[in-house]
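Structure first, commentary second.
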Amino acid sequence: MPTTSVRRLVGILVLLGCLFGLLVWYGSLAPNPSVGAYPDSEDLGPEYDAWVGEQTSLTGTVVETDPLTIVSEYGTGELLRLQVTDADVDAQQGETLALYGVVEPDNTIRALNAYTVPSTNYVYMYGVSFLAGLWVLGRLARDWRLDWKTWSLEPRESPLSLRRGLVDTRQSTEDHDA
Amino acid sequence: MPDLLAHALLAYTIALLASWRYEWITRPYVTVAMAGAFIPDMAKVDLVFSSARVEQLLGIPFSWFGLHTTGAAVCSVLIGVLLVRSNERVRVASLLAVGAASHLIADAFLLKPTGQSYALLWPLTRYYPPTPGLYLSTDMLPALVLGVSAVVVTLVTRARHRQESR
């Protein structure tokens, strides 16, 4: 069945609506430890005392090592400062602490399990992720083209080449050379 | 899995291996699988425009992490399918789905302090399956291992094509 541009557009809008609905639905889910969804800093932040005695899973930046103290962000930039006891880690300032533990009074979490990640590892992760994004975007631009008549994407017969001056050379010799 | 590079390499490797069996998986379709691997990580929009700020703006609950689930991945794949001509739809749908699924499954093996991964099958179920905790999202090893696999698979694929064209 041929699809007109209008029908395609309507389809895309409906799907975007579904996607938005899913994100609202997911955002409205309350913590549920029985399935593994423990409260995190978004839940603890606004009303810490309501969660005392519950288990929590969150991450925060180590700001003090003795006693071990982390700061975790919630909401639109608010900070939750937590002391962590019983954590069997050699945490350094600036590292990220991933924590699973029990909420105790006075902004204290008794750790059941914890590990740290150096901040340089995050720099690495964001760096290579950015490069990977460029790689895949580049491949999409080289392998697919927009057909303005039908407003659809089409595979190119041969990849766009920078060396050949960004022309679509219409050879299929490299077709298989993924 | 960890970083997007590892995810892209994983999808690339899977698509190339599949091309040994299915000849129609040519270069453009390998790219589609790699694009599919990016779908769940659209949730990273959160870093630029946080869920809390969207909530504040709209006055309703909201979480970008919903994008990192099967339900949202299906929705996104269908959007991708509508972007191509009808004769491409089955191919594009299957490779976007393979890419997105490889991402969700690889992430289900991430180390978590609770020992449980995340709600990858939501909204079918909200259950967080136990994770073997194979790697952290910041580890370099997965990208390294997958990079080597990608190179090997690329070389073997080229050798196979040379043999075919002979």
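Letters A, B, ... mirror the listed sequences (proteins, then strands); counts begin at 1.
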Quick one: what part of A:Leu140 sits under 4.5 Å from any heavy atom of chain B, side chain, backbone, both or neither? both

Select, from A:Leu146, A:Leu29, A:Val123, the one with the greatest count of heavy-atom pairs under 4.5 Å involving chain B. A:Leu29

Output yes when a side-chain donor or acceptor of A:Tyr115 lies under 3.5 Å from a complementary backbone atom of B:Leu111, and no otherwise. yes

Apply the test side chain to side chain contact (heavy atoms under 4.5 Å, CB included) to residues A:Trp135 and B:Leu9: give CA-CA distance (whole Å), side-chain angles for both, the deciding distance (0.1 Å), then the verdict. CA-CA 11 Å; A:Trp135 179 29; B:Leu9 288 168; 3.8 Å; yes

Chain A contact via B:Thr125 - side chain, backbone, both or neither, heavy atoms under 4.5 Å: neither

Partners passing side chain to side chain donor-acceptor pair (under 3.5 Å) against A:Asp90 (at least two apart in sequence or in another chain): A:Gln92

Show, in sequence, the C-alpha distance, side-chain angles and deciding distance for B:Val30 and A:Arg139, and conclude whether the side chain to side chain contact (heavy atoms under 4.5 Å, CB included) test is met. CA-CA 9 Å; B:Val30 174; A:Arg139 277 186 68 120; 3.7 Å; yes

Under 4.5 Å to a heavy atom of chain A? For B:Phe65 that would be both

Does a sphere of radius 6.0 Å around CH2 in B:Trp20 hold more than 12 heavy atoms from other residues, nucleotides or ligands, not counting ones at 6.0 Å or beyond? yes

Under a 4.5 Å cutoff for heavy-atom pairs, which residue among A:Trp151, A:Phe20, A:Phe130, A:Tyr74 has the most contacts with chain B? A:Phe20

State, to 0.1 Å, how close A:Leu23 and B:Leu67 come at their nearest heavy-atom pair, and which atoms those are. CD2-N, 3.4 Å

What part of A:Trp25 lies closer than 4.5 angstrom to a heavy atom of chain B: side chain, backbone, both or neither? both

Would you say CG of B:Asn87 has more than 12 non-hydrogen atoms from neighbouring residues, nucleotides or ligands within 6.0 angstrom? yes

Indicate the atoms forming the closest heavy-atom contact of A:Ala30 with B:Arg126, along with that distance. O-NH1, 2.8 Å

Are A:Val89 and A:Val63 connected in the hydrophobic side-chain network, where two residues link if heavy atoms are under 4.5 Å apart? no

Taking all heavy atoms of B:Tyr128 and all of A:Ala37, pick out the closest pair and write down the distance. OH-CB, 3.5 Å

Select, from A:Asn121, A:Leu112, A:Leu9, the one with the greatest count of heavy-atom pairs under 4.5 Å involving chain B. A:Asn121

Answer key: most heavy-atom pairs under 4.5 Å with chain A among B:Ala72, B:Pro113, B:Pro61 is B:Pro113

Side chain, backbone, both or neither of A:Tyr126 within contact of chain B (heavy atoms, under 4.5 Å): side chain

Decide whether B:Asp3 and A:Ser129 meet the rule of one side-chain donor and one side-chain acceptor closer than 3.5 Å. no

Which atoms of A:Val24 approach chain B - backbone, side chain, both or neither, heavy atom under 4.5 Å: both

Neighbour count >12 (heavy atoms, 6.0 Å) for atom OH, B:Tyr22: no

Okay, side chain of A:Arg8, backbone of B:Leu82: is any donor-acceptor separation there less than 3.5 Å? yes

Please flag which part of A:Leu16 lies under 4.5 Å from any non-hydrogen atom of chain B: side chain, backbone, both or neither. both

One option among A:Gly36, A:Gly21, A:Ala132 has the most heavy-atom pairs under 4.5 Å with chain B, and it is A:Gly36

Could you tell me which of B:Pro129, B:Ser50, B:Pro123, B:Ala11 has the largest number of non-hydrogen atom pairs under 4.5 Å with chain A? B:Pro123

Check: A:Met125 and B:Met140 side chains under 4.5 Å, non-hydrogen atoms: no

Could you look at A:Tyr122 and say if it's the side chain, the backbone, both or neither that has a heavy atom under 4.5 Å from chain B? both

Starting at CG of A:Leu134, measure out to CG of B:Leu4 and round the result to the nearest 0.5 Å. 11.0 Å

Strictly distance-based, threshold 3.5 Å: is any side-chain N or O of B:Trp122 a donor or acceptor partner for the main-chain N or O of A:Tyr26? no

Is it the side chain or the backbone of B:Tyr127 that comes within 4.5 Å of chain A heavy atoms, both, or neither? both

Please round to the nearest 0.5 Å and tell me the distance separating atom CG of A:Leu22 and atom SG of B:Cys75. 5.5 Å

Might you work through the side chain to side chain contact (heavy atoms under 4.5 Å, CB included) test for A:Val117 and B:Leu136, ending with a clear yes or no? CA-CA 9 Å; A:Val117 181; B:Leu136 284 171; 3.9 Å; yes

Parallel, tilted or perpendicular: rings of A:Trp144 and B:Tyr29 (30°, 60°): perpendicular

Would you say A:Ile109 and A:Leu80 are hydrophobically clustered, going by side-chain heavy atoms of ILVMFWY under 4.5 Å? yes

Which bit of B:Val54 comes within less than 4.5 Å of chain A, counting heavy atoms only: side chain, backbone, both or neither? neither

Nearest 0.5 Å, what's the CD-OG1 distance between B:Gln56 and A:Thr76? 4.5 Å

Heavy-atom distances under 4.5 Å only: say whether B:Ile60 touches chain A with side chain, backbone, both or neither. side chain

same_hphob_cluster(B:Leu124, B:Leu120) at 4.5 Å side-chain heavy-atom cutoff: no

Calculate, to the nearest 0.5 Å, the distance between atoms CG and OG1 belonging to A:Leu58 and B:Thr114 respectively. 11.0 Å

Less than 4.5 Å to any heavy atom of chain A: does that hold for the side chain of B:Thr31, its backbone, both, or neither? both

Determine whether B:Ser76 and A:Leu19 make a side-chain contact, defined as any pair of heavy atoms from C-beta on separated by less than 4.5 Å. yes

Is A:Tyr38 in contact with chain B via its backbone, its side chain, both, or neither, using a 4.5 Å heavy-atom distance? side chain

Give me the atom names and distance for the closest heavy-atom approach of B:Gln116 to A:Val35. NE2-O, 3.7 Å

Using the rule that two of Ile, Leu, Val, Met, Phe, Trp, Tyr join whenever any of their side-chain heavy atoms come within less than 4.5 Å, decide whether B:Leu83 and B:Val90 are in one cluster. no

Run B:Glu88 and A:Glu154 through side chain to side chain contact (heavy atoms under 4.5 Å, CB included) and show every step you take. CA-CA 8 Å; B:Glu88 300 284 357; A:Glu154 277 199 336; over 6 Å; no

Supply the atom-to-atom distance A:Thr59 OG1 to B:Lys112 NZ, rounded to the nearest 0.5 angstrom. 9.5 Å

Connected via hydrophobic side-chain network under 4.5 Å: B:Ile39 and B:Val48: no

In terms of heavy-atom pairs under 4.5 Å with chain B, the winner among A:Thr120, A:Val128, A:Leu137 is A:Val128

From CD (A:Glu42) to OG (B:Ser63), nearest 0.5 Å: 8.5 Å

Does any backbone or side-chain atom of A:Asp147 lie under 4.5 Å from a heavy atom of chain B? Answer side chain, backbone, both or neither. side chain

Closest heavy-atom pair and its distance - A:Pro155, B:Pro28: CB-CB, 3.8 Å

Hey, are the side chains of B:Thr138 and A:Thr96 touching, using non-hydrogen atoms and a 4.5 Å cut-off? no

